[in-house]
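A quick write-up on the structure given underneath.
Everything numeric here is computed off the predicted structure, so don't read it as measured data. The first residue in the sequence is number 1, and the count goes up from there.
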Amino acid sequence: MPRALLLENIDPVAADLLGSAGYEVESLRGALDEADLVAALDGVEVLGIRSKTQVTGEVLRRRPGLAAVGAFCIGTNQIDLAAAATAGVAVFNAPYSNTRSVVEMAIAEIICLARRLVDRDRALHAGTWDKSAAGSHEVRGRTLGIVGYGNIGSQLSVLAEALGMRVLFYDLEDKLALGNAQACGSLEELLERAETVTLHVDGRAGNAGLFGAEQFARMRRRSLFLNLSRGFVVDHEALRDHILSGHIAGAAVDVFPDEPREQGDAFGSVLRGLPNVILTPHVGGSTQEAQHDIGRFVAGKLVDYTRTGTTTLSVNLPTVALHGSSAARFALLHRNVPGVLARVDALVGEHGLNVDGQVLATRGELGYAVTDVSAALPPDLLAALEALPESVRLTTFGHRAG
Ligand SMILES: NC(=O)c1ccc[n+]([C@@H]2O[C@H](COP(=O)([O-])OP(=O)(O)OC[C@H]3O[C@@H](n4cnc5c(N)ncnc54)[C@H](O)[C@@H]3O)[C@@H](O)[C@H]2O)c1
């Protein structure tokens, strides 16, 4: 029975899915350091981790039997992706599973800021009864400006319209406007028209410092600001100045340029203690529903890969989408140089087999060729494929002869 190791308290749905696919699954609550990970990976084909386990080049070198790593989270910085690709280890993550959670939090915060609920809550906890409508607004009829109309921004657009908000958005790419949302031709146009501005841009390097004093100054007086995207996108000193001057009436910030590494670590920010400012510790995507969906999504990708060779959404290998096949199948991950496919097909022909179907995808220095053949795979064909000088990893699916 192939073995799977799941670390860091991954949602049990992942173990269920891998178990149903024929894996013997071991689940551990914590992360493992390098030495313990190498020891634990003895005989393991599939590894599941979250953000704390480092899958280094050394781990990959010492465990060549490892076929795939699932990062049950968004980020993959904890994995040496280049070393994984060189070793022919497929890496998958869950880029979309928590997007709805972020959207729901943004909606909650837009309403909280418009009603100044945080200040009311703080006052009442401190024993002060402050019942007043001053500065408190409905969001219905207000204009929301979404910067970055991707997976999160576009979902937010739909929910905000359902609340009766008018939605404007600005994206670097030409995006289809959902519902009655209107695209703006520039960030400046959005800032001048929106009453609440919310950032949902991605983490590309060019977005560092995207939002600073100039952008806050361009926003309408007494407007609201949210950032649930990336910490380095916003100049927090500038945000603080515009909150204190009263130009910005409130803000919600979930992501910070320097976030504490460990649970319980001290948190410092120039935004602490400001009126009508909601600070949350990067929890936009942290819900039990998202964790469950991440478990289901990543385990599904691992099962698809090990059963059929499908690499769709792999973060480091060439991607091909395949379906199960009654024919025998082999997948050859190889160095992306001219002539490999011709040599593969020649070897298949020399062994008296017919190619039923074949897909090739390339990514940088790697090529990934999946071949379906008419009959069981003879061991000497597999040995010849593995012996090709360009071969990185050969995987077989279906029946082997002899
Ligand atoms: N707070 C959290 O817990 C949490 C959880 C999940 C995702 N996120 C972050 O939310 C952000 C959005 O996620 P997503 O899944 O919607 O990403 P996405 O890639 O689907 O969408 C990002 C969009 O932003 C656009 N964009 C990039 N730079 C831009 C710019 N300078 N101006 C205008 N548009 C720009 C892109 O074209 C794209 O359409 C990411 O930064 C992600 O890391 C945060």
Side-chain angles (χ1 to χ4, degrees), residues 102 105-119 122 134-137 139 142-150 152-153 156-157 160 165-172 181-259 267-282 284:
V102 179
M105 193 161 111
I107 289 283
E109 291 183 331
I110 290 165
I111 297 174
C112 281
L113 293 174
R115 298 292 295 269
R116 305 190 73 88
L117 291 185
V118 183
D119 290 354
R122 279 182 197 148
S136 185
H137 300 278
V139 298
R142 298 239 150 196
T143 303
L144 177 66
I146 300 174
V147 183
Y149 205 63
I152 292 174
L156 178 60
S157 168
M165 299 189 84
R166 283 195 288 265
V167 175
L168 306 173
F169 69 89
Y170 170 68
D171 199 290
L172 293 177
Q182 288 175 25
C184 292
S186 67
L187 178 60
E188 290 69 30
E189 180 192 342
L190 179 140
L191 299 181
E192 284 161 14
R193 292 174 62 194
E195 292 158 304
T196 297
V197 172
T198 183
L199 303 188
H200 300 286
V201 296
D202 56 49
R204 70 186 72 189
N207 282 339
L210 173 72
F211 225 87
E214 189 188 329
Q215 288 69 32
F216 286 118
R218 250 191 212 261
M219 284 172 63
R220 291 166 63 131
R221 196 176 144 66
R222 304 300 294 158
S223 54
L224 302 170
F225 173 80
L226 294 89
N227 182 20
L228 292 88
S229 63
R230 296 295 180 103
F232 67 83
V233 170
V234 177
D235 177 347
H236 284 184
E237 296 278 354
L239 175 56
R240 177 188 166 86
D241 291 348
H242 284 82
I243 296 267
L244 289 177
S245 75
H247 184 71
I248 303 294
V253 180
D254 187 45
V255 285
F256 301 86
D258 296 305
E259 297 186 356
F267 168 70
S269 166
V270 294
L271 302 176
R272 281 178 53 192
L274 295 179
N276 206 28
V277 170
I278 302 172
L279 301 182
T280 45
H282 205 147

Of the non-hydrogen atoms in F232 and A205, which two are nearest, and what is the gap between them? CE1-O, 4.5 Å
Non-hydrogen side-chain atoms of L156 and F169 separated by less than 4.5 Å: no
Testing the basics here: between G153 and I146, what is the closest heavy-atom pair and its distance to 0.1 Å? O-CD1, 3.4 Å
Looking only at heavy atoms, the pair that brings S136 and R115 closest together is OG-NE, 3.1 Å
Give every residue pair that meets the salt bridge (Lys or Arg N to Asp or Glu O under 4.0 Å) criterion with at least one member in residues 203-225, sequence neighbours excluded. E192-R218, D202-R204
The residue among T198, L190, L168 that forms side-chain contact (heavy atoms from CB on, under 4.5 Å) with V147 is L190
Inter-residue atom distance F211.CZ - N227.CG, 0.5 Å rounding: 9.0 Å
Does a side-chain heavy-atom distance below 4.5 Å link T196 with S223? no
In the structure I gave you, are the side-chain heavy atoms of V234 and L199 within less than 4.5 Å of one another anywhere? yes
I'd like to know if the side chain of Q215 and the backbone of G212 have a donor-acceptor N/O pair within less than 3.5 Å. yes
Among pairs that include at least one residue of residues 230-255, which meet side-chain hydrogen bond (donor to acceptor under 3.5 Å, both in side chains), considering only residues two or more places apart or in two chains? D254-T280
Between side-chain atoms of residues 272-279 and protein atoms elsewhere (two or more places apart, or another chain), which donor-acceptor pairs fall under 3.5 Å?
unit_1 : atom_1 : unit_2 : atom_2 : d
R272   : NH1    : F267   : O      : 3.0
N276   : ND2    : L113   : O      : 3.2
N276   : ND2    : A249   : O      : 3.1

